[in-house]
Chemist: 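Okay, here's the structure, questions in a sec.
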Amino acid sequence: MAQRPAARLSVNGQSHEYHGDPRRSLLDVLRLDLGLTGTKKGCDHGQCGACTVIVNGRRINSCLTLAVMHDEDEITTIEGIGTPDALSTLQAAFVAHDGFQCGYCTPGQICSATAMIEEIRQGWPSAVTADPAHKPAVADAEIRERMSGNLCRCGAYDNILAAIRDAMAQTEAAQ
């Protein structure tokens, strides 16, 4: 009888069966088993955000979760957001605003910002939202708070903020 995989992962719209060690992090499975090296291993403690991916529409630190915990989940990595030939609006804004320097944190920043934009669109409050009962105003403080789990060691924060604001404006204009 065939053994059931430890997890069936849907990554960037492709199905993968994981039969490996149930103690492996989602980050390691993405990078080492699936070859999706856009997701970076930064601190391996959930403190830097370089490993941020989107699972079922919510951003998570992939270094802090086990792959087997995501059986049947929809996982999106930076490779699923855009390609060099077809950048997402947010990726294009990062390029236009030089929202990266060394680029190491950029995949995590973009995954986090992609999910953050959707959170704001859905009206989810943050710790700095003035009135949690109403849709948050998209002030710089709101974006900075929501992106605070993603560190940039080069200090490109102002450019990242400009890129996010530009992408949000373009998304609003397109709707």
Chemist: For T106, what residues pass the side-chain contact (heavy atoms from CB on, under 4.5 Å) criterion, not counting sequence neighbours?
Modeler: F94, F100, I110

Chemist: Testing the 3.5 Å rule here: is there a donor-acceptor pair between the side chains of T77 and N12?
Modeler: yes

Chemist: Tell me the salt bridge (Lys or Arg N to Asp or Glu O under 4.0 Å) pairs involving residues 86-111, sequence neighbours left out?
Modeler: none

Chemist: For Y157, which fellow cluster members are found when Ile, Leu, Val, Met, Phe, Trp and Tyr are connected by side-chain heavy-atom distances below 4.5 angstrom, either directly or through intermediates?
Modeler: L151

Chemist: Which distance, rounded to the nearest 0.5 Å, do you find between the OG of S15 and the CZ of R8?
Modeler: 8.0 Å

Chemist: What salt bridge (Lys or Arg N to Asp or Glu O under 4.0 Å) pairs are there with at least one residue in residues 42-52, not counting sequence neighbours?
Modeler: K41-D44

Chemist: Once salt bridge (Lys or Arg N to Asp or Glu O under 4.0 Å) is applied, what residue pairs with a partner in residues 119-129 remain, sequence neighbours excluded?
Modeler: R59-E119, E118-R121, E119-R146

Chemist: Please say yes or no: joined through hydrophobic side-chain contacts below 4.5 Å, possibly via intermediate residues, are V95 and M147 part of one cluster?
Modeler: yes

Chemist: Are L9 and I54 linked, directly or through other ILVMFWY residues, by side chains that come within less than 4.5 angstrom of each other?
Modeler: no

Chemist: Side-chain donor-acceptor pairs under 3.5 Å in residues 130-137, sequence neighbours left out?
Modeler:
{"unit_1": "D131", "atom_1": "OD1", "unit_2": "A133", "atom_2": "N", "d": "3.1"}
{"unit_1": "D131", "atom_1": "OD2", "unit_2": "H134", "atom_2": "ND1", "d": "2.6"}

Chemist: What distance do N61 atom CG and N150 atom CG have between them, rounded to the nearest 0.5 Å?
Modeler: 7.5 Å

Chemist: Restricting to pairs with a member in residues 74-89, which pass salt bridge (Lys or Arg N to Asp or Glu O under 4.0 Å), not counting sequence neighbours?
Modeler: none

Chemist: List in chain and number order the residues that pass side-chain contact (heavy atoms from CB on, under 4.5 Å) with Q14, two or more places apart in sequence or in another chain; answer none if no residue qualifies.
Modeler: H16

Chemist: If you group Ile, Leu, Val, Met, Phe, Trp and Tyr whenever their side-chain heavy atoms sit less than 4.5 Å apart, what else falls in with W124?
Modeler: none

Chemist: Please assess R144 against D158 for the test salt bridge (Lys or Arg N to Asp or Glu O under 4.0 Å), listing each intermediate value before the final yes or no.
Modeler: CA-CA 10 Å; R144 288 181 193 277; D158 290 336; 3.2 Å; yes

Chemist: What about I120 and L161, same hydrophobic cluster or not, with Ile/Leu/Val/Met/Phe/Trp/Tyr joined at side-chain heavy-atom distances under 4.5 Å?
Modeler: yes

Chemist: Please tabulate, for side-chain N and O atoms in residues 162-173, each donor-acceptor pair with protein atoms closer than 3.5 Å (sequence neighbours left out).
Modeler:
{"unit_1": "R165", "atom_1": "NE", "unit_2": "D140", "atom_2": "OD1", "d": "2.6"}
{"unit_1": "R165", "atom_1": "NH1", "unit_2": "V138", "atom_2": "O", "d": "3.3"}
{"unit_1": "R165", "atom_1": "NH2", "unit_2": "V138", "atom_2": "O", "d": "2.7"}
{"unit_1": "D166", "atom_1": "OD1", "unit_2": "Q170", "atom_2": "NE2", "d": "3.1"}
{"unit_1": "D166", "atom_1": "OD2", "unit_2": "H97", "atom_2": "NE2", "d": "3.0"}
{"unit_1": "D166", "atom_1": "OD2", "unit_2": "Q170", "atom_2": "NE2", "d": "3.3"}
{"unit_1": "T171", "atom_1": "OG1", "unit_2": "A167", "atom_2": "O", "d": "2.8"}

Chemist: Consider only side-chain N and O atoms of E142 and T129, and report whether a donor and an acceptor are under 3.5 Å apart.
Modeler: yes

Chemist: Run the side-chain contact (heavy atoms from CB on, under 4.5 Å) test against S25 and tell me which residues pass, sequence neighbours left out.
Modeler: L27, D28

Chemist: Taking the side chain as everything from C-beta on, heavy atoms only, tell me whether Q91 gets closer than 4.5 Å to I78.
Modeler: yes

Chemist: Going by side-chain heavy atoms closer than 4.5 Å, which hydrophobic residues are tied to Y104, directly or by a chain of links?
Modeler: none

Chemist: Out of the candidates T114, I81, V53, only one should pair with T76 under the side chain to side chain contact (heavy atoms under 4.5 Å, CB included) rule; please name it.
Modeler: I81

Chemist: Does one hydrophobic cluster hold both I60 and Y18, with members joined at side-chain heavy-atom distances below 4.5 Å?
Modeler: yes

Chemist: Among the clusters formed by ILVMFWY side chains lying less than 4.5 Å apart, do I75 and M69 turn up in the same one?
Modeler: yes

